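First up is the structure itself, then whatever we jot down about it.
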Amino acid sequence: MSPATNFLPALTGSFSTPAAGNPTGAMMEAAYDHHGIAARYLNCEVAPQDLGDAVRGAAAMGWLGFNCSLPHKVSVVDHLDELAPSARLIGAVNCAVRRDGRWTGENTDGQGFVASLQEVRDVAGQRVLLLGAGGAARAVAVELALAGAVEIWICNRSVDRAAEIAALVDGSTPARCSVLPWAAPVQVPAGATCLVNATSLGLPGTGTIEVSYAGTEPALIVCDVIPNPPDTAFLRAAREAGKQTLDGRGMLLNQAAINLRLWTGVDPDRQVMGAAMDQAIAGWEHP
Ligand code: NDP
């Protein structure tokens, strides 16, 4: 896309509710400015019953694409024309892309996590203990498996949800995937090289997850998907146990960068987007 030569920007944005706490627009518009892309990112409050109209409206206005966040990640599938392979496996979409008059649904949450982990550790060959079985955990599990993790254990308070993801990943990807019982403290299986908190524990007003680090691999890396606050009690405890840690900002940043590339074809400058994200997170209060 060329720099602005007229007064008509390309449009992108997000549909969710509540939308007010979504900091993604700051990152996107910083990248658009930096790369001279004549586009805007509009953060839109969209109620569940209005989602179909919003998607048709975006098509009518020629949007390049949109993100959808809670509560639309699953229901938006009914309003799209096709799904990318990993979005089909995950069963949820966080990024829709308009190509040749058709909407394709992508899921870049898990891809964002994998890109963030890849910056510090080769994902191929990892043996991962994944805590949680909600939407984020499902996306992370599928993308880790597709990126070459060889073994994934899913550990979740509600065991049925863990079993569903384990069956999906074990049956549809090359990775081995099984369920481990939820326990306090969480026991890290022998040989695990990566531990990921993909639960919502760590958000303000929630608790944390105790982990027994005795006997774990010295190289075990401990990751959290929560971007705000980035330095969770889960990560602090891991550092106290001598473990390398990775916070949830990289996942947020990388999924946004992937979305922007899908819409515009430009691979954006992560430093520019990261600086805008950090500034937005500093002023971002959870509802
Ligand atoms: P969901 O509501 O789909 O899932 C929540 C998960 O947390 C479930 O596994 C749930 O277990 C578990 N959980 C919640 N409360 C407790 C508790 N008291 N004790 C034990 N387990 C609990 O949420 P999402 O998957 O959409 O989001 C999870 C986290 O991921 C959020 O913190 C969100 O901020 C983060 N996220 C980060 C992104 C990023 O870009 N960095 C992108 C998307 C999400 P159960 O099944 O038993 O209820």
Side-chain angles (χ1 to χ4, degrees), residues 86 89-92 107 109-118 120-203 206-226 232-248 250-251:
S86 73
L89 268 182
I90 296 162
N107 193 311
D109 280 334
Q111 293 171 26
F113 176 79
V114 166
S116 172
L117 180 57
Q118 192 68 43
V120 291
R121 182 73 65 92
D122 190 2
V123 174
Q126 292 294 314
R127 299 176 191 280
V128 184
L129 173 58
L130 180 62
L131 307 179
R138 195 177 175 98
V140 166
V142 166
E143 297 295 352
L144 281 171
L146 294 178
V150 290
E151 177 133 34
I152 301 173
W153 299 274
I154 314 274
C155 179
N156 189 53
R157 179 180 60 178
S158 310
V159 71
D160 290 357
R161 298 182 83 190
E164 194 187 311
I165 298 180
L168 170 78
V169 172
D170 202 59
S172 310
T173 77
R176 282 189 303 276
C177 192
S178 56
V179 175
L180 282 186
W182 182 256
V186 163
Q187 302 297 316
V188 181
T193 53
C194 179
L195 166 62
V196 185
N197 173 35
T199 74
S200 44
L201 287 173
L203 290 174
T206 67
T208 187
I209 305 171
E210 304 294 333
V211 177
S212 171
Y213 285 106
T216 57
E217 294 282 326
L220 180 80
I221 183 167
V222 180
C223 317
D224 206 324
V225 301
I226 293 175
T232 57
F234 180 77
L235 293 183
R236 287 195 297 276
R239 276 203 307 276
E240 278 161 22
K243 302 302 181 190
Q244 183 183 1
T245 60
L246 179 69
D247 70 43
M251 175 176 175

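Just so it is clear, the model here is predicted, and its values are computed rather than measured. Numbers for residues simply follow the sequence, beginning at 1.
Looking only at side-chain heavy atoms (C-beta outward), Trp182 and Ile209 come within less than 4.5 Å of each other. Between Met251 and Val140 the shortest side-chain heavy-atom distance falls below 4.5 Å. Thr193 has its side chain out of reach of Ile221: every pair of non-hydrogen atoms, C-beta onward, lies at least 4.5 Å apart. By the 4.5 Å heavy-atom criterion applied to side chains, Phe113 and Glu143 are not counted as neighbours. Taking 4.5 Å as the limit, every side-chain heavy atom of Thr199 sits out of range of all side-chain heavy atoms of Arg157. For the pair Arg176/Ile152, no side-chain contact is recorded, criterion being any heavy-atom separation below 4.5 Å from C-beta on. Looking at heavy atoms from C-beta onward, Thr208 lies out of side-chain contact with Thr232 at the 4.5 angstrom threshold. Inter-residue side-chain proximity for Val211 and Phe234 is flagged as met; some heavy-atom pair is nearer than 4.5 Å.
Of the inter-residue distances, the one linking Arg236 atom CZ with Asp224 atom CG reads 10.5 Å to the nearest 0.5 angstrom. Atom CG of Leu246 sits about 4.5 Å away from atom SG of Cys223, to the nearest 0.5 Å. Note: Ile165 CD1 to Asn156 CG = 7.0 Å, rounded to the nearest 0.5 Å. The CG atom of Leu130 lies 7.0 Å from the CG atom of Leu144; values are rounded to the nearest 0.5 Å. For the atom pair Thr206 OG1 and Ile226 CD1, the distance stands at 6.0 Å (nearest 0.5 Å).
Side-chain atoms of Lys243 come within 3.5 Å of backbone atoms of Glu217 as a donor-acceptor pair (strictly under, hydrogens ignored). The main-chain N or O of Asp122 is found under 3.5 Å from a side-chain atom of Gln126 such that the two form a donor-acceptor pair. In terms of modelled atom types and a separation under 3.5 Å, the side chain of Asp109 and the main chain of Ala136 share no donor-acceptor contact.
Each of Leu129, Val188, Leu117 was compared with Cys194 under the side chain to side chain contact (heavy atoms under 4.5 Å, CB included) criterion, and only Leu117 meets it.
For Ala238 against Thr245, the heavy-atom pair with the smallest separation is CB-CG2, 3.8 Å. Here the closest non-hydrogen pair linking Val179 and Ala163 is CG2-CA, 3.5 Å. Closest heavy-atom contact between Ala137 and Gly132: CB-O, 3.2 Å. Of all non-hydrogen atoms in Ser86 and Asn107, the two that sit nearest each other are OG-O, 4.1 Å. When all heavy atoms of Leu220 and Ala192 are compared, the pair lying nearest together is CD1-O, 3.4 Å. Of all heavy-atom pairs between Ala145 and Pro174, the closest is O-CD, 4.4 Å.
Residues passing the salt bridge (charged side-chain N to carboxylate O under 4.0 Å, His left out) test with Arg127 are Glu151, sequence neighbours excluded. Here Ser116 pairs with nothing under the side-chain hydrogen bond (donor to acceptor under 3.5 Å, both in side chains) rule; sequence neighbours left out.
Residue pairs meeting the salt bridge (Lys or Arg N to Asp or Glu O under 4.0 Å) criterion with at least one partner in residues 185-196, sequence neighbours excluded, do not occur; the list is empty.
Open room surrounds CD on Glu210; 12 or fewer heavy atoms of other groups in view lie less than 6.0 Å from it.
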